Number of protein chains: 4
Amino acid sequence: MGGTMDGTKQQRRGNTRQRIQDVALELFAEQGYEKTSLREIAERLDVTKAALYYHFKTKEEIIVSLFADLTQPIEELIEWGRSQPHTLATKQEIVRRYDEALGGAAPLFRFMQENQATVRELRIGETFKDRMTGLREIIIDPDSSLTDQVRCLSALFTLHAGMFVMRDLEGDPDDKRKAVLEVAIDLVTQAHQGAHGA
Amino acid sequence: MGGTMDGTKQQRRGNTRQRIQDVALELFAEQGYEKTSLREIAERLDVTKAALYYHFKTKEEIIVSLFADLTQPIEELIEWGRSQPHTLATKQEIVRRYDEALGGAAPLFRFMQENQATVRELRIGETFKDRMTGLREIIIDPDSSLTDQVRCLSALFTLHAGMFVMRDLEGDPDDKRKAVLEVAIDLVTQAHQGAHGA
Amino acid sequence: MGGTMDGTKQQRRGNTRQRIQDVALELFAEQGYEKTSLREIAERLDVTKAALYYHFKTKEEIIVSLFADLTQPIEELIEWGRSQPHTLATKQEIVRRYDEALGGAAPLFRFMQENQATVRELRIGETFKDRMTGLREIIIDPDSSLTDQVRCLSALFTLHAGMFVMRDLEGDPDDKRKAVLEVAIDLVTQAHQGAHGA
Amino acid sequence: MGGTMDGTKQQRRGNTRQRIQDVALELFAEQGYEKTSLREIAERLDVTKAALYYHFKTKEEIIVSLFADLTQPIEELIEWGRSQPHTLATKQEIVRRYDEALGGAAPLFRFMQENQATVRELRIGETFKDRMTGLREIIIDPDSSLTDQVRCLSALFTLHAGMFVMRDLEGDPDDKRKAVLEVAIDLVTQAHQGAHGA
DNA sequence: GATGAATGAGGATTCATTCAT
DNA sequence: TATGAATGAATCCTCATTCAT
């Protein structure tokens with residue numbers, strides 16, 4: 001019971017930064033970055049706009065912080081990928097893990113997917129591009145045919161889009177996700193085999 | 001004389017309206033819809049904001065008009081597709097023609113791809129969704145496995161994204177586009193064969 | 001009566017820019033630049049803040065425009081001064097004319113005098129400094145003693161400050177102004193004679 | 001032991017308060033009062049804004065305290081001046097000592113000189129005006145000609161402005177200061193002699 | 001066909017200040 | 001002595017839109 005009180009306190013106290021991030025991400029993903037005003041975020045949290053500014057220096061810093069926080073697993077994945085041999089197994093594992101990582105930060109990626117124009121102008125843009133390039137360098141064999149290269153990109157893309165676009169496909173969400181993953185792995189596999197002889 | 005006047009008038013008239021559309025599309029694609037102000041569009045054209053309002057009742061109407069104008073080939077494609085038997089050949093042809101149609105309105109699709117969050121809130125959103133559903137109904141066999149359904153979506157998606165994402169892939173643009181198309185057709189083919197036995 | 005209507009119209013119409021400048025200068029001089037908000041200016045004119053932005057791109061542009069408009073006589077004075085021989089008569093004439101010029105833009109100079117810290121950070125700062133340097137080069141003989149150089153600066157300064165600081169001195173304003181001018185001319189004269197032997 | 005504690009405490013205590021004053025004065029003089037935020041001051045001192053409020057009840061109190069602390073010598077000078085006969089020697093001595101006093105609080109006077117508009121609205125304004133009036137009553141002979149009265153004011157003014165305006169005059173700072181003082185004394189002397197025959 | 005002038009609503013951001021701890 | 005968290009009021013500025021001419 002003391003635990004409960006503690007919990008409440010902890011929730012109100014020191015949690016504001018988190019709560020801002022949560023609400024912001026939700027709204028950014030839903031309506032886009034520009035259409036989401038700080039007033040709206042503040043109102044949902046029942047604090048003043050100024051309170052947001054205590055925790056984040058600018059609106060952009062909110063999204064930057066979200067990106068930094070939620071995107072770290074991917075950073076690590078790339079790190080890991082770079083240290084592995086570029087075998088088919090590695091590529092497949094990368095796709096599998098990437099899918100997982102995306103799942104962990106679904107709303108952020110939905111946001112990034114759906115607001116690319118905005119993202120490009122934000123500071124995140126560059127960082128994100130760098131990461132994608134990192135991923136590419138791991139799965140794409142530069143000596144393979146253009147078609148196979150496109151296959152790999154398409155694999156990544158399918159994962160990205162999968163979660164959102166497939167929403168209006170019938171079927172159990174979990175099954176859908178598995179299907180998406182399967183297609184992605186398939187694409188990477190085809191690409192690899194194309195390049196390394198059948 | 002009447003003809004001359006007509007011609008001139010039509011040219012002048014169609015001209016400004018067109019020029020507004022052109023500039024608007026360019027800016028929308030580049031910076032996003034919300035970040036592009038009517039002031040900016042007007043300045044680029046060296047007219048007043050009020051002039052824009054002579055040609056379009058609202059900002060939204062500009063994008064709506066662009067969508068209506070540039071998207072008609074796709075509308076027709078769907079019409080055509082519906083009247084065809086759902087054979088593999090048809091599906092492949094649809095993909096081929098869709099690729100062409102996308103090419104004809106690349107900036108618009110770049111815009112739609114990169115501003116989904118915005119588009120969703122605009123009147124276009126629904127229309128666009130309807131079209132995509134139409135396309136889906138033609139290529140996707142509802143009895144096929146989820147995986148195969150995903151393959152078809154992925155094909156469409158690859159086409160959409162292709163043009164922009166592949167930009168930073170090395171290689172001749174034309175070759176790249178062919179590669180993208182090839183992968184898309186491949187996906188649809190695999191899906192079809194999966195569903196109808198090998 | 002028609003004339004009256006005309007007048008009223010003319011006053012309302014096309015005059016807004018001027019009216020903004022007038023009110024702004026008044027308030028800037030009275031309360032300082034930073035303490036004067038655009039809201040205040042707009043309220044006094046019974047227009048919206050946005051109306052101000054139709055006529056001036058930024059708050060700073062308002063003061064810049066005032067400076068440009070009201071300061072031209074001084075610009076011209078310097079031009080004239082440069083073309084004259086550096087005789088005592090010229091110097092005295094410069095002081096006399098400078099006094100006049102200051103009188104014509106008293107509120108602006110009061111503002112600049114009393115808000116130097118602000119002015120320094122505004123774009124006017126540099127321009128103003130340049131002008132003062134121009135003036136100096138005309139009245140100050142670089143070979144004269146430091147003391148005589150200070151005398152010249154003191155003369156300019158006395159003119160600047162005169163109008164405002166002397167306010168709480170007893171006496172007819174006109175007489176005071178004459179006295180100020182006399183002291184200034186005296187200083188310049190002393191400086192000149194110091195340099196060129198008695 | 002008590003002594004040690006006292007010493008440390010006093011040092012610490014006096015220290016922070018002092019450091020606030022120092023930094024504040026520096027920034028006020030540099031950027032003006034309104035443009036200097038408490039955040040800025042706090043950041044420079046590496047404390048929180050709230051800490052400032054432990055030492056000063058309001059922002060205004062900071063400048064008031066500076067004024068009170070740094071301006072006391074002038075207060076005393078006036079006291080002294082009032083008790084002296086109004087001879088030329090006294091007047092000259094006043095100018096000399098005033099120059100010294102100004103030197104001791106140069107940044108404050110730079111601030112007051114350059115932010116008159118602000119100062120006027122602050123509580124210091126009145127006090128400062130009173131002091132200037134006190135000074136005037138000592139050096140200015142109310143029966144003298146307006147011109148001579150202006151000379152006296154100009155003398156004070158020259159001292160005030162001297163330090164800052166003369167900055168961009170060539171020459172050794174010390175020499176310049178001497179020159180400024182000389183001109184001021186000169187002005188007072190001329191005024192006195194004008195009034196008392198010769 | 002188009003402009004000049006204006007508006008109302010809302011945007012992000014900053015500030016001095018407060019208070020419990 | 002100080003901090004961490006927050007507020008309320010204000011700031012400059014931008015936007016889509018309107019309307020008389």
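Keep in mind that this is a model prediction, so the values were computed, not measured. Chain identifiers are assigned alphabetically (A, B, ...) following the order of the sequence lines, protein sequences preceding nucleic acid strands; residue numbering begins at 1 within each chain.
D:Leu45 has its CG atom 15 Å from the C1' atom of F:dT3, to the nearest Å. What separates CG of A:Asn15 from P of F:dG4 is a distance of 17 Å, to the nearest Å.
Here D:Arg39 pairs with D:Glu43 under the salt bridge (Lys or Arg N to Asp or Glu O under 4.0 Å) rule; sequence neighbours left out. Evaluation of the salt bridge (Lys or Arg N to Asp or Glu O under 4.0 Å) rule for C:Glu61 yields no partner, not counting sequence neighbours. Listed by chain and residue number, B:Val47, B:Thr48 satisfy the side-chain contact (heavy atoms from CB on, under 4.5 Å) test with B:Ala51 (two or more places apart in sequence, or in another chain). Taking the side-chain contact (heavy atoms from CB on, under 4.5 Å) definition, one finds that D:Glu60 meets it with D:Tyr33, D:Thr58, D:Ile63, D:Val64, D:Leu122, D:Arg123, sequence neighbours left out. Residues forming a side chain to side chain donor-acceptor pair (under 3.5 Å) with D:Gln116 (at least two apart in sequence, or on another chain): none. Under the salt bridge (Lys or Arg N to Asp or Glu O under 4.0 Å) criterion, D:Glu121 pairs with C:Lys35, not counting sequence neighbours. Checked against side-chain contact (heavy atoms from CB on, under 4.5 Å), D:Phe67 has the following partners two or more places apart in sequence or in another chain: D:Thr71, D:Leu108, D:Met112, D:Ile124, D:Thr127, D:Phe128, D:Arg131.
When each of A:Lys49 and B:Lys49 is assigned the nucleotide of DNA chain F with its nearest heavy atom, A:Lys49 is the one assigned upstream, toward the 5' end. Sequence order on DNA chain F of the closest nucleotides to A:Arg17 and B:Glu40 puts A:Arg17 first from the 5' end.
Within residues 50-69 of chain A, the residues having any heavy atom closer than 4.0 Å to DNA chain E are, in order of number, A:Ala50, A:Tyr53, A:Thr58, A:Lys59. The stretch residues 29-39 of chain B comes close to DNA chain F through B:Thr36, B:Ser37, B:Leu38, B:Arg39, each having a heavy atom under 4.0 Å from the strand.
Look at C:Thr16 and you won't find any side-chain N or O under 4.0 angstrom from OP1 or OP2 of E:dA5.
Checked against F:dT7, F:dA2, E:dT3, the side chain of D:Thr48 finds its nearest nucleotide in F:dA2.
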Dot-bracket encoding of pairs in DNA chain F, which uses [ ] for pseudoknotted crossings and | for another strand, Watson-Crick or G-U under 3.5 angstrom: .||||||||||||||||||||

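Residue pairs meeting the side-chain hydrogen bond (donor to acceptor under 3.5 Å, both in side chains) criterion with at least one member in residues 105-114 of chain D, sequence neighbours excluded: C:Arg120-D:Glu114. Sorted by first and then second residue, the pairs that involve residues 22-31 of chain B and meet salt bridge (charged side-chain N to carboxylate O under 4.0 Å, His left out), not counting sequence neighbours, are B:Glu26-B:Arg44.
Across every non-hydrogen atom of D:Lys59 and D:Thr36, the tightest pair is NZ-O, 2.9 Å. Counting all heavy atoms, side chain and backbone alike, A:Ala117 lies closest to B:Asn115 at CB-OD1, 3.4 Å.
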